[in-house]
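A note on names: the letters A, B, ... follow the listed sequences, proteins ahead of strands, and every chain is numbered from 1. Since this is a predicted model, take the numbers as computed values, not measurements.
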Amino acid sequence: METKIHHLSEQELIRREKLQELKKLGIDPYPAPLYPVNENAANIKAHFTEETKEKYQNVCLAGRLMSMRDMGKAGFAVIQDSTGRIQLYIRRDDICPVEDKTMYNTVWKKLLDIGDIIGVKGFVFITKTGEISIHVHEYTLLSKSLRPLPVVKEKEGETFDAVTDPEFRYRQRYADLIINPEVKNTFVKITQIKNSIREFLNNQHALEVDTPVLQSIPGGAAARPFITHHNALDIPLYLRIANELYLKRLIVGGFDWVYEFSRNFRNEGMDRTHNPEFTILEFYVAYKDYWWMMETTEQLLESVASKVNNTTLVKAGEKEIDFKAPYKRISIYDAIKEHTGVDLNDRNEEEIREICRQLHVDVEANMGKGKMIDEIFGEKCEHHFVQPTFITDYPVEMSPLTKKHRSKAGLVERFELIINGKEVANAYSELNDPIDQRERFEEQHKLMERGDDEAMYIDEDFLRALEYGMPTTSGIGIGIDRLCMLLTGQASIQDVLFFPQMRPEKHD
RNA sequence: GAUUCGGUAGCUCAGCUGGUAGAGCACAACACUUUUAAUGUUGGGGUCCUGGGUUCGAAUCCCAGCCGGAUCACCA
C-alpha cells in the first residue's frame, strides 16, 4: 500500500513524521471514542452575547483546523464545523497548568496542522477586536490530516488564492466542500428544493414510489441506454432512461397520483447541461389533462422558488427569471410563426422541408415532418424563451406516448416548459388507448429497423396493462438538475451534482 | 465527435523574441500571552502533463498523445 511513498511531497512526508511523533507521545491520531459535542460554530455566533454568556461557559465542539496563528505562549486558530467557522484562543498555561508544556509547545505548535480535525472544550468570549471566540482549556486530536489542504484566505469579503480549477473541484469534491463554503450552500439548497417539491406533492396526497432502475426494456423516452448483464438470469438489462411506463402501470393499478425522483441514465454526450446520470421528477395524476398539468406545474415551481429563495426571481447571468405563475402558453406553431413569420398549419412534409431550406435550418433527408418542426423550433425559437413558457401541441410523430389532440389533427396534447432557453419539463395527456399505443410502438419499431437507435421498443407488458384500462391521466417529467441550476444560479450541471462524471484519473 | 484555451512547488500564479525556474500563501526553524490575509528573520521544496522532434541549448518553438474548461454538434 505504501508503494507511493517515494512520490510524497515534502509536506506530506513531514505530516507522516508528525503522525509518528504523536504516537510516540501516546496520542492516538485516530481515536475511537465519541467526542461529546454540545455546540456548533453558527449557533454560538448567532446567539452569544454579554447577556447569554452564562450559557456558554462550557462548550464542546469539533471541527477542522483551517488556520493557526501562533504568538509565542498563546495563539489563535480557526476551526470549521458543519455549520461554519469559529475562532479559538489557546494559551499555553491554560492547556498545560503544570510543569510539562508538551501539549502546547510540542503538540499544538508543532504537530498539529491545517486540515487536522480536533475537538475543543472551553468558554465563549469576545476578543479585543470583537471576534466571538472560544477560549480553549482542553483540546483533543480527533483525526490527523496527512495531505496539505489548499489554504484559502479571506479579508473583508475578498477571497485570496481561491481554488477555482474545475478539475480539482470536481475530482476532489471533498476538498472543494471544505475550502469553498458556498459550494456546500448550493448543495444544501438543492436538498431544500427536493424537500420542498416533496412537501408540495405530499400535501396533495401524492404517493412517492420506487420503480426499477434495471429494466429489460428501456422505455419511456428516446435515448441510447447503458446496457449491462444479469448473470443469474443470463439476460441483458438496461439502466433506465425513464420511469414513465412503470408509473403509468401504477396508475392502472389504482393509484391516483404517484411520483418518483428518477435517476436516469443515458449513454450520450456530456456538456454544461448533460451528465450521463441525472434526475427527473416524474409524476402522473389520474383523471387530469395537460391543461391541469400546466397549472399544477406553475404552482409547484412558484412555491418551490419562493420557499428556497424567498423570492420568485432568480438571476441567470445577465437575465432575471421570474417563477411567479401564471406562465405564458403558446403552441409550437404559433411560436414558430412569431419568431420566423412562417405559418406551418396545413403544410405537408415537402413544404416544410422547403421552409427549412429557406430558414437555413439543417435537416436530414430521413427526417419526418415532426422532427423537422422540432428542428425549426429548436434552432429559431427555443432560445428566445427566457421567462418560463409552456410550448404546447407538438406533432404526433415526436410523441409516441401522448394522447392525440382533442381538436387539432396531427398534433398531440403535450407541452414543454422552456426556461432560459432550455427545456425544463415535458408533459402530456397520457395516451391510454391500448390500440393506438400499439400502433405508435409499431411505428417506433419500424424506425428502429431503419437504424434509429433511439426509437422505442415495443413493451408488451405495458400494452397489457393499458388493455386492462388506464384512466385519463396527465404526466410530467421535470429536469431536477436543470431546475436546481436555475434556482441556485449555477451555470453548469457539474455544479449541482456532487460527483459529476469525469474521465478516470490515471494513477501510476 | 469538431474547434479553441489551458496544464509550472501542496494552493494561486509569473516566467517576453529559446540560455538550466520565481513570487505570495502553505511548509520547516527562531521570536512573540487578544491576533485575524497576524508579524519579523532565516531556510527547504519542482518528472515545468507525457512522449518524440528542431537546436550547442527547450517550461518556452514544432508534432503526437493524455487530462480539464469553453463553444458547437447530439441530447434532458
Pull out every residue in residues 489-498 of chain A that has a heavy atom closer than 4.0 Å to any atom of RNA chain B, ordered by number, or say none. A:Gln494
Name every residue in residues 88-95 of chain A that has at least one heavy atom under 4.0 Å from any atom of RNA chain B, in order of residue number, or write none if there are no such residues. A:Tyr89, A:Arg91, A:Asp93
Regarding [X], tell me which of base, sugar-phosphate or nothing describes its non-hydrogen contacts under 4.0 Å with the strands shown.
{"X": "A:Asn267", "value": "nothing"}
{"X": "A:Gln87", "value": "base"}
{"X": "A:Arg15", "value": "nothing"}
{"X": "A:Glu131", "value": "base"}
{"X": "A:Arg171", "value": "sugar-phosphate"}
{"X": "A:Lys101", "value": "nothing"}

Readout for nucleotides 2-11 of chain B: B = base within 4.0 Å of protein heavy atom, S = sugar-phosphate only, - = neither; 5' to 3' it is --------BS
Check each of A:Arg16, A:Arg147, A:Lys18 against A:Asp113 using the salt bridge (charged side-chain N to carboxylate O under 4.0 Å, His left out) test, and report the only one that passes. A:Lys18
Applying side-chain hydrogen bond (donor to acceptor under 3.5 Å, both in side chains), name anything that partners A:Thr340, two or more places apart in sequence or on another chain. none
Contacts of A:Arg64 that satisfy side-chain hydrogen bond (donor to acceptor under 3.5 Å, both in side chains) - sequence neighbours left out: none
To the nearest Å, how far apart are A:Glu379 CD and B:A73 P? 7 Å
Any residue meeting ring pair (Phe, Tyr, Trp, His ring centres under 6.0 Å) with A:Tyr89, in chain and number order, not counting sequence neighbours: A:Phe76, A:Phe125, A:His135
